[in-house]
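Here's the structure we're looking at; comments come further down.
All values reported here derive from a predicted model rather than from experimental measurement. Counting begins at 1 with the first residue of the sequence.
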Amino acid sequence: QVQLVESGGGLVQAGGSLRLSCSVSENIFSINSMGWYRQAPGKQRELVAVILRGSSPNYADSVKGRFTISRDNTKNTVFLQMNSLIPEDTAVYYCKIRLRRIWSELDSDYWGQGTQVTVSS
């Protein structure tokens, strides 16, 4: 079973920075899209940023200009650089990758385990 391994969360003061990473645990055939979502207490999970193969990244309005999503195709890894963090960014952050396993004819979505980001004021 494919697993996504996340790292990089933590506690930071407002105005600080964090970098999240998410890697695929096994060799795969291809990756279609890579994205980051977040879920704050009492709220629905929301899209933060997504990068599709061959396309420019898309961001939620609330993080534009502060967050940057990038991918390392050689390592099947996606990153989220978060700068100028504010308390409203506090949430559990999840990566989601749409990929195709070797010998498969279909793309499937896989989620990371989630990493807590807490921004203090």
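- In terms of heavy atoms, I102 sits closest to N27 at CD1-O, 3.8 Å.
- S23 OG to D72 CG: the interatomic distance, rounded to the nearest 0.5 Å, is 8.5 Å.
- A donor-acceptor pair under 3.5 Å is formed between the side chain of Q113 and the backbone N or O of E6.
- Tracing side-chain contacts under 4.5 Å through hydrophobic residues (I, L, V, M, F, W, Y), one reaches V63 starting from L85; they form part of the same cluster.
- Here the straight-line distance linking atom CG of N76 with atom CD1 of I28 works out to 4.0 Å at 0.5 Å rounding.
- Taking 4.5 Å as the limit, every side-chain heavy atom of V12 sits out of range of all side-chain heavy atoms of M82.
- The shortest non-hydrogen separation linking Y94 to W111 is CB-CE3, 3.8 Å.
- When the options D107, D109, N32 are evaluated for a side chain to side chain donor-acceptor pair (under 3.5 Å) with R98, the one that passes is D109.
- Crowding of Q13 atom CD: a count of heavy atoms from other residues, nucleotides or ligands under 6.0 Å not exceeding 12.
- The cluster map of Ile, Leu, Val, Met, Phe, Trp and Tyr, joined by side-chain heavy atoms under 4.5 Å apart, puts V92 and V117 in different clusters.
- A donor-acceptor pair under 3.5 Å links the side-chain atoms of Y59 to the main chain of I69, judged by distance alone.
- The minimum heavy-atom distance between S17 and Q81, with the atom names listed, is CB-NE2, 4.0 Å.
- Ring planes of F67 and Y93: tilted class, angle from 30 to 60°.
- In this structure, K43 has no salt bridge (charged side-chain N to carboxylate O under 4.0 Å, His left out) partners at least two apart in sequence or on a different chain.
- The minimum heavy-atom distance between V78 and I97, with the atom names listed, is CG1-CD1, 4.4 Å.
- Here the side chains of L99 and R101 are in contact, with some heavy-atom distance below 4.5 Å.
- Side-chain atoms of R100 never come within 3.5 Å of backbone atoms of F29 as a donor-acceptor pair (strictly under, hydrogens ignored).
- Side-chain N or O atoms of T118 include none that pairs as donor or acceptor with a backbone N or O of T90 at under 3.5 Å.
- Smallest separation of non-hydrogen atoms from C22 and L4: SG-CB, 3.8 Å.
- No side-chain heavy atom of C95 sits under 4.5 Å from any side-chain heavy atom of M34.
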Quiz: residues 44-58 side-chain donor-acceptor pairs under 3.5 angstrom, not counting sequence neighbours:
unit_1 : atom_1 : unit_2 : atom_2 : d
E46    : OE2    : R38    : NE     : 2.7
E46    : OE2    : R38    : NH2    : 3.3
R53    : NH1    : I31    : O      : 3.3

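- At most 12 heavy atoms of other shown residues, nucleotides or ligands fall within 6.0 angstrom of atom CD in Q3.
- For T77 against S21, the heavy-atom pair with the smallest separation is CG2-CB, 4.4 Å.
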